[in-house]
Amino acid sequence: MAVTLALATVIAYVPRMTAPEVPEAETGTPIGAEVLFEAAQSGSRTVDLDAQSYSYRTAGDLHVGEEMPLILDQDLIASFEGIGAPTDEVEGGFTPAAIDARKDNPVLYEMGCQLDEDTAEPKPCVFGDEQSDTTIMLVGDSHAASWMPALDAIAEKNGWRLVTNTKSGCSFADVSQTRFGGAFPACDEWNEGVLEQILDEQPALVVTINAGRRGVWAGDHSLKGDEKVRAFGQGLRSHWSTLNDAGIPVRVLMDTAEMHTDVPECVSANPTQLTECATPREDALDTRPHPEIAAVQDLPATELINMNDWICPDAEYCPAIVGNVLVWRDTDHLTATFSRTLALPLEDALLATQKADGSW
């Protein structure tokens, strides 16, 4: 889809800054999720990495807030041949070091593109090929920002223009959210502004991911339990439906895992017992609300992509380290280093959902 810059005279985009390269092993061998990708493609249990490898399919009707079954692709996990299983020690060490993990953020933070909670005005930033006719937009909260390094690598490879619009503590959803248990007007304003920018720009694709535990404000009180999850899911769906109605396709990344411990702190405290820093897969993924699963159903141009088997590449545990790369910079945000190694499987997932003419 050719995209024109309808807001070129209105939006002052931040000049492009190249994201830092991911450190590689001295031998040039794959690291992080690249190791899993290589195993899945060439191992003894080769998996056809098509859309089904990344999508979560369900039978029957689902309702937002309904308890979900275990989200797991057994064939894909098997193809990793144990590479993703937690181990007590990592031969050759890992990167980033635990002491550096907290600041291993996407370049969005350094550039001021990742908005803080108080800022209401959207700040789009441009990466990839600025002159490309294909624009991909990444929108959402800090969980979305965690995927920017992977999308930046994909945009560079494919000659796409990547525009990011992310904000801490605020999901891309048509629902009033909470901050400190109360109203969050800056989030409401940001959502209105971002939606308007997307509709004006008409990108080839919107990619979004949002924390599933977001609070919802109902005018004079915050919602609780299933009511909160249901309202949040409806807010997600409303934005996606609006975009679809405007001819803009959406790809929703399922929310990532939440570890039961601060991973860098745990790794520092257990350098020879790294399995202490793993979290049971069911606790990390399947006991959390995933309103996005039901919210995508029956939308004409919105699909759900589940990348969690690449982040938790074991049937029982989500490890702290995969392929010599520390996965987490806290409990639920990916290190920029690991995110960038997810570029290959994420690119496969996005391309697998394209139509015959190359559009989404």
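Heavy-atom basis, side chains included; hydrogens, waters and symmetry copies ignored.
- Here I99 contributes atom CD1 and D104 contributes atom CG; the two are 13.5 Å apart, rounded to the nearest 0.5 Å.
- One finds a salt bridge joining R102 and D262 here, because a Lys/Arg side-chain nitrogen approaches an Asp/Glu carboxylate oxygen to under 4.0 Å.
- The only option from V252, L138, N165 that meets the side-chain contact (heavy atoms from CB on, under 4.5 Å) definition with T208 turns out to be V252.
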- Message: Using side-chain contact (heavy atoms from CB on, under 4.5 Å), reason through F127 and L108 one step at a time and then give a plain yes or no.
- Response: CA-CA 10 Å; F127 301 87; L108 298 177; 3.6 Å; yes
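- Each of V296, L243, V207 was scored for a side-chain contact (heavy atoms from CB on, under 4.5 Å) with V250, with one residue passing: L243.
- Between W310 and F37, the angle of the ring planes lies from 30° to 60°, which puts this pair in the tilted group.
- For A144 against I209, the heavy-atom pair with the smallest separation is CA-CG2, 3.1 Å.
- In this structure, the side chains of P203 and I198 come closer than 4.5 Å at one or more pairs of heavy atoms.
- When side chains are defined from C-beta on, I293 counts as touching L304, because their heavy atoms get closer than 4.5 Å.
- In this structure the side chain of T166 never reaches within 4.5 angstrom of the side chain of M148, judged on heavy atoms.
- For the atom pair CD of Q41 and CG of L344, the computed distance is 7.5 Å after rounding to the nearest 0.5 Å.
- Looking at R214 and D255, no side-chain N of the basic residue comes within less than 4.0 Å of a carboxylate O on the acidic one, giving no salt bridge.
- Between the side chains of T275 and D88, a donor-acceptor pair is found at a separation under 3.5 Å.
- Under 3.5 Å, the side chains of N158 and E347 contain a donor-acceptor pair of N or O atoms.
- Rounding to the nearest 0.5 Å gives a distance of 12.0 Å between CG of D141 and CG of L115.
- Under a hydrophobic-cluster definition in which Ile, Leu, Val, Met, Phe, Trp and Tyr are linked whenever side-chain heavy atoms come within less than 4.5 Å, directly or via other members, F184 and V139 are assigned to different clusters.
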- Task: Take V206 and H239 through the test side-chain contact (heavy atoms from CB on, under 4.5 Å) and record every step on the way to the result.
- Result: CA-CA 11 Å; V206 167; H239 269 353; over 6 Å; no
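- Between E192 atom CD and C187 atom SG the span is 10.5 Å, to the nearest 0.5 Å.
- At distances below 3.5 Å, at least one donor-acceptor pair connects side-chain atoms of T341 with backbone N or O atoms of A33.
- For F172 and W240, the ring centers are positioned 6.0 Å apart or more.
- The closest side-chain donor-acceptor pair between Q114 and S168 falls under 3.5 angstrom.
- The two residues H260 and P280 come nearest to each other via the heavy atoms CD2-CD, 3.9 Å.
- Using a 4.0 Å cut-off between charged nitrogen and carboxylate oxygen, E130 and R161 do not count as a salt-bridge pair.
- Counting heavy atoms from C-beta outward, M137 and V194 have side chains that stay 4.5 Å or more apart.
- Pairs passing the salt bridge (charged side-chain N to carboxylate O under 4.0 Å, His left out) check and including a residue from residues 320-329, sequence neighbours excluded, do not occur.
- Taking each heavy atom of V216 and A231 in turn, the nearest pair found is CG1-CB, 4.1 Å.
- Shown here for N244 and P249, the closest heavy-atom pair between the two residues is ND2-CA, 4.0 Å.
- Here the SG-CG distance, from C170 to N191, works out to 4.5 Å after rounding to the nearest 0.5 Å.
- Checked options L36, N308, L76; the residue passing with P313 is L36 (criterion: side-chain contact (heavy atoms from CB on, under 4.5 Å)).
- Between the side chain of W217 and the backbone N or O of G219, at least one donor-acceptor pair lies under 3.5 Å.
- In this structure, CG in N270 is found 5.0 Å from SG in C277, a value given to the nearest 0.5 Å.
- With hydrogens and angles disregarded, no donor-acceptor distance shorter than 3.5 Å links the side chain of T87 to the backbone of V90.
- Side chain of H290 to main chain of L285: a donor-acceptor pair is present (N/O by atom type, distance under 3.5 Å, no hydrogens or angles).
- In this structure, the side chain to side chain contact (heavy atoms under 4.5 Å, CB included) partners of R213, at least two apart in sequence or on a different chain, are E258, R288, P289.
- Proximity of a side-chain donor or acceptor of S339 to a complementary backbone N or O of S146 within less than 3.5 Å is detected.
- Shown here for G323 and V35, the closest heavy-atom pair between the two residues is CA-CG2, 4.1 Å.
- Applying the side-chain hydrogen bond (donor to acceptor under 3.5 Å, both in side chains) definition to pairs two or more places apart or across chains, none involves residues 311-321.
- Side-chain N or O atoms of E81 include none that pairs as donor or acceptor with a backbone N or O of A39 at under 3.5 Å.
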